[in-house]
**Student:** 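Shown below is the structure under consideration.
Values in this document were obtained by computation on a predicted structure and should not be read as measured data. Residue numbering restarts at 1 for every chain, and letters A, B, ... go by the order of the sequence lines. Hydrogens, waters and symmetry mates play no part in the numbers below; they use all other heavy atoms, side chains included.
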Protein chains: 2
Amino acid sequence: MAAGVSIATVSNVVNGTKPATPAVQRRVLSAIERLGYLPDLHARTLRTGASRSLGLVVPDLTNPYFPALVQAIETTARDLGFVLIVMDAGNDAERETEALALLASYRVAGVVWVPVEHERSLDWPYPIVTVDRTVPGCDTVVADHGQGGALIGRHALALGHRRIGLLSGPRALPSAADRRSAFLDAVAGHAEIAWELPVPFSSDLPREVVARLAEPDCSLVVCANDAVAVGVLRAARDAGLRVPDDLSVIGFDDVPWADFVEPGLTTVRQPLAALGRNAVSTLHARIADPGRPLHHETLPVTLVERRSAMPVTPPPTGVRP
Amino acid sequence: MAAGVSIATVSNVVNGTKPATPAVQRRVLSAIERLGYLPDLHARTLRTGASRSLGLVVPDLTNPYFPALVQAIETTARDLGFVLIVMDAGNDAERETEALALLASYRVAGVVWVPVEHERSLDWPYPIVTVDRTVPGCDTVVADHGQGGALIGRHALALGHRRIGLLSGPRALPSAADRRSAFLDAVAGHAEIAWELPVPFSSDLPREVVARLAEPDCSLVVCANDAVAVGVLRAARDAGLRVPDDLSVIGFDDVPWADFVEPGLTTVRQPLAALGRNAVSTLHARIADPGRPLHHETLPVTLVERRSAMPVTPPPTGVRP
DNA sequence: AACGACAGGTTAAACGTTTAACCGTCCTTG
DNA sequence: CAAGGACGGTTAAACGTTTAACCTGTCGTT
């Protein structure tokens, strides 16, 4: 090499594998500096078999849920010495499979996966940790959707709501189902479900839903999502209803603009950053010890109270005390 | 190899480099299938010197501007046969430099870069295309901020606004400066700038600004950003002002929730997807031909009219016709 | 019948690392 | 003073590809 020293020695000083004479160290380091040498990570990976890259596959980056998650994942991955290869599945299962295969070819050390759909039989040559969804045989980090549902239920009760409308999300989605049933359990016996309608995660509510909203027979509507909560806000306004005076609404997710709509949405916040951090540390642990027992972790969520849900002040239709 | 054939032959059939007998093809392909063989891209890159990965460095993924951009970049990169290594600089110049160095070690074929700060002298061993900011010596794809400013100016005039407040963004940011001066040019001689205040890109407006907003001496305030526009909406509401009846406001960016606030923000939309697509195709072209002349591309923006800016109906203070 | 061209296959070198094995020197030590 | 470690360095093999060079039949041409 240009430092008048062998290649192996260079390797040893850059990695500190073997001790070297100060003089040699200086020479090597200065030559590196001078030539702008950077080790070739491909060659390194090829030789050692230990890849320093992680994959991340998400259904749709533009979902407001993801940016904070991705950021946390990338940051902690890099702090652990890994590089993150990100792939957007475009909500398409086929494209998702391609992504996973491509990552296999790239010999990633592991992948963080947010599956577009539930259930999929697969065996990939790398460890996987799933986030927010669970796949058999994979480590998992999820938010406690059940707790979220319960939190909402208890809050609704505490605010004095006794007749509640429920806009539940896609029935097939486990997280939405968890939310729903925990909520139902929490209010059971204390409040009445005026009606329940399943809606997609969108601000564009089905016609029948906005019709129902126009003449509410409840004091609160609990929404599957912040997106649908925004739809409710809009429908209420169009119907001349004031939120929260005439109608309270509660969302889920705490999207970045939950505080920007009028009134600010009371909602449940998922610990996105923690989810991301723990996902990659879980993955890291599994990479270090492939034989360790399966790890399922569920992180607490928090209720964030804003102005869209308030106590029922004039008793809705005060029948009995 | 397990197909009773040499390694080289396998390479030839998977890449179609050299013709092979149908029988051999079948044997190889079936062996590949059977063993679940996937080529090692590290080895491939090492040997050919042609990396199939691109880097992406952004200041802060949680900025609502980025998700759509990143998605477009990832998608078109993958369609071109590249894999995307994403890095978040956390708005920190130092971390950004680390990111660029790490990408160099990874021998990426090129990188798409949205610099956290303007101006930086550097020479990296890969081609770079910058997005939304320009760096000397790099290919560039930007939105036409000047056009955006002009669009706003003309729209304001068309709506009949004659006294306008201006909340301009960080002076040091070229894009914000372009917007501002084009806007000023567009309205010059036809409308009066009641006041101008530089503010950071945030919904939390400085105290003095909300004070000024409380007693507006203008019919329209033009904001540096959708974020600050939201701040203005909020301040106006707190001051008992109705938007757009008492005051019109115009933003910039068309963030995902611009249509969710009340009233919907009229603003300028940047062609995020096109920006991303063109960035990687520009990069691709440069990779194919390192000697081609520098390519600077600026993409048109569009005005999206919603309800936060309306014609002045009662002439503001009708002095002369 | 002899030869050349060519198609289809193999061998071996090379990419840039890491690492085990090896080899001098010098210092210590019995 | 001879022998034996440490210590600091070098050599060479190996990782999984690609690719140039090479080999070997087969076939078509004269």
**Student:** Can you find a side chain N or O atom of A:Y37 that sits less than 4.0 Å from OP1 or OP2 on C:dT17?
**Tutor:**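 Yes.
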
**Student:** Quick one: on DNA chain D, does A:T48 or B:R44 contact a more 5' nucleotide (nearest heavy atom)?
**Tutor:**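 Residue closer to the 5' terminus by nearest nucleotide: A:T48.
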
**Student:** Could you state the atom-to-atom distance from CD1 of A:I7 to C1' of D:dA12 in whole Å?
**Tutor:**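 Distance check: A:I7 CD1 to D:dA12 C1' gives 11 Å.
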
**Student:** Return the value, rounded to whole Å, for the distance between atom CG of A:D40 and atom P of C:dA14.
**Tutor:**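 Atom CG in A:D40 sits about 18 Å away from atom P in C:dA14.
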
**Student:** Between B:T302 and B:P300, is there a donor-acceptor pair closer than 3.5 Å when you use the side chain of the first and the backbone of the second?
**Tutor:**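 Such a contact is absent between B:T302 side chain and B:P300 backbone.
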
**Student:** Rounding to an integer number of Å, can you tell me how far A:L38 CG sits from C:dC15 P?
**Tutor:**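 Going from A:L38 (CG) to C:dC15 (P), I get 19 Å.
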
**Student:** What is the distance from CZ of B:R52 to P of C:dC15, rounded to the nearest Å?
**Tutor:**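 The distance from CZ of B:R52 to P of C:dC15 comes to 22 Å, rounded to the nearest Å.
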
**Student:** Using the rule side chain to side chain donor-acceptor pair (under 3.5 Å), only one of A:T298, A:T134, A:T130 pairs with A:T140; which is it?
**Tutor:**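 Single side chain to side chain donor-acceptor pair (under 3.5 Å) partner of A:T140 among A:T298, A:T134, A:T130: A:T130.
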
**Student:** Just checking B:S11: base, sugar-phosphate only, or nothing, at a heavy-atom cut-off of under 4.0 Å?
**Tutor:**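 Since a base atom lies under 4.0 Å of B:S11, the category is base.
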
**Student:** For the pair made of CG in B:L46 and C1' in D:dT19, what is the distance, rounded to whole Å?
**Tutor:**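 Taking CG of B:L46 and C1' of D:dT19, I get 14 Å after rounding.
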
**Student:** Is there any protein nitrogen or oxygen under 3.5 Å from a nitrogen or oxygen in nucleotides 20-24 of chain D, and what are the pairs?
**Tutor:**
none

**Student:** Examine distances only and state if a side-chain atom of A:D139 and a backbone atom of A:H295 form a donor-acceptor pair shorter than 3.5 Å.
**Tutor:**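 Between the backbone of A:H295 and the side chain of A:D139 there is a qualifying donor-acceptor contact (under 3.5 Å).
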
**Student:** Could you check whether A:D79 pairs with B:R95 (Lys NZ or Arg NE/NH1/NH2 to Asp/Glu carboxylate O, under 4.0 Å)?
**Tutor:**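 Between B:R95 and A:D79 there is a salt bridge, with a charged N closer than 4.0 Å to a carboxylate O.
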
**Student:** Between atom CD in A:Q25 and atom P in D:dG8, what is the gap in whole Å?
**Tutor:**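 Nearest whole value for this atom pair: 10 Å.
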
**Student:** Is there, by distance only and without an angle test, a donor paired with an acceptor across the side chain of A:R47 and the base of C:dT18 below 3.5 Å?
**Tutor:**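 Answer yes: a donor N or O sits under 3.5 Å from an acceptor.
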
**Student:** Between P on D:dT18 and CG on B:L41, what's the gap in Å once rounded to a whole number?
**Tutor:**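 Spelled out: CG on B:L41 to P on D:dT18 is 9 Å.
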
